[in-house]
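Structure first, then comments.
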Amino acid sequence: MNHWLLKSEPAVFSIDDLEKQKTTLWDGVRNYQARNFLKAMQVGDLAFFYHSSTEPPGIVGLCRVLETGLVDPSQFDPNSPYFDPRSSAENPRWWTVRVGFVEKFKCPLTLDLLRKNFSPDELILLRRGNRLSVMPVAAEVAERITAMRASQ
DNA sequence: GCCAACGTTGGC
DNA sequence: GCCAACGTTGGC
């Protein structure tokens, strides 16, 4: 099983929204590196849910990959901000997964706390200028994150 | 609201 | 294929 980190602005979609909805299609990713990580996900993988552009930013919960290899429907919707006129049904450009709510952390693991416990080498999130919204988390790092959560 | 960092676009 | 211009991300 692999671990991932998914970024979302809570004003757009939060861990509370996921808890209410139970599952969601992780659509709207329009970056090739992030898309490739989405493609590499497998059913059963766990993903840390990260809130960005909020105070404080941080990991706020956990979700699980339920379905993989899904075509992102928003690329075909002219009314969607994620519409991509270069995509076609025969040759879709953007792929995604469905994730399900697992848990919301009692205390968020803030970006500040993550910086104190991990190096930028260990956690892509912490790398200078990082803007990836979907990224892998090494097993050993995921274990330490989970341990931090437990000790809060 | 600022701005550094980065990805994408498009002229050449 | 280069690279300047531009738009976006996201922490602060």
Side-chain angles (χ1 to χ4, degrees), chain A residues 2-21 23-41 45-65 68-99 101-138 141-142 144-149 151-152:
Chain A
N2 293 308
H3 287 83
W4 307 92
L5 186 146
L6 294 171
K7 269 188 205 169
S8 182
E9 297 185 28
V12 178
F13 189 81
S14 70
I15 188 74
D16 294 318
D17 295 325
L18 182 59
E19 183 167 23
K20 269 178 237 155
Q21 290 181 209
T23 82
T24 192
L25 195 63
W26 204 265
D27 62 354
V29 172
R30 294 293 179 270
N31 168 284
Y32 286 104
Q33 206 182 346
R35 180 203 65 179
N36 293 343
F37 287 134
L38 285 170
K39 271 189 170 175
M41 289 184 182
D45 285 355
L46 284 174
F48 296 105
F49 197 118
Y50 179 87
H51 278 178
S52 65
S53 294
T54 189
E55 190 49 46
I59 295 174
V60 292
L62 254 185
C63 54
R64 188 179 296 282
V65 176
T68 59
L70 306 173
V71 171
D72 181 341
S74 63
Q75 68 195 301
F76 305 125
D77 177 1
N79 297 315
S80 166
Y82 306 121
F83 179 61
D84 186 344
R86 299 165 300 182
S87 277
S88 65
E90 306 77 45
N91 195 12
R93 191 175 287 240
W94 304 110
W95 298 79
T96 189
V97 299
R98 178 168 293 278
V99 297
F101 177 82
V102 174
E103 69 170 301
K104 177 184 175 180
F105 294 168
K106 287 193 194 76
C107 289
L109 301 177
T110 63
L111 180 59
D112 190 49
L113 189 63
L114 292 169
R115 282 194 203 286
K116 284 179 180 138
N117 284 272
F118 299 96
S119 73
D121 282 345
E122 291 173 310
L123 201 50
I124 295 169
L125 178 76
L126 305 180
R127 287 183 198 165
R128 180 187 180 80
N130 165 65
R131 284 171 21 183
L132 258 190
S133 64
V134 179
M135 66 198 87
V137 178
V141 173
R144 283 163 58 201
I145 293 173
T146 304
M148 284 167 63
R149 184 270 317 259
S151 68
Q152 291 248 310

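Chain identifiers are assigned alphabetically (A, B, ...) following the order of the sequence lines, protein sequences preceding nucleic acid strands; residue numbering begins at 1 within each chain.
- Where DNA chain C meets chain A (any atom under 4.0 Å from a heavy atom), the bounding nucleotides read 5' to 3' are C:dG7 to C:dC12.
- Note on A:Arg35: nothing from the nucleic acid sits closer than 4.0 angstrom, heavy atoms only.
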Pair up each side-chain donor or acceptor in residues 107-115 of chain A with any protein partner under 3.5 Å, not counting sequence neighbours, and list the distances.
residue  : atom : partner  : partner atom : Å
A:Thr110 : OG1  : A:Leu113 : N            : 3.1
A:Asp112 : OD2  : A:Lys116 : NZ           : 3.0

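- Sorted by first then second residue, the salt bridge (Lys or Arg N to Asp or Glu O under 4.0 Å) pairs that include residues 46-58 of chain A, not counting sequence neighbours, number zero.
- Annotation: ring-ring contact (aromatic ring centres under 6.0 Å, His included) contacts of A:Tyr50 (sequence neighbours excluded): none.
- With sequence neighbours excluded, the residues that form a salt bridge (Lys or Arg N to Asp or Glu O under 4.0 Å) with A:Glu122 are A:Arg144.
- Partners of A:Arg35 according to the salt bridge (Lys or Arg N to Asp or Glu O under 4.0 Å) rule, which considers only residues two or more places apart in sequence or in another chain, do not exist here.
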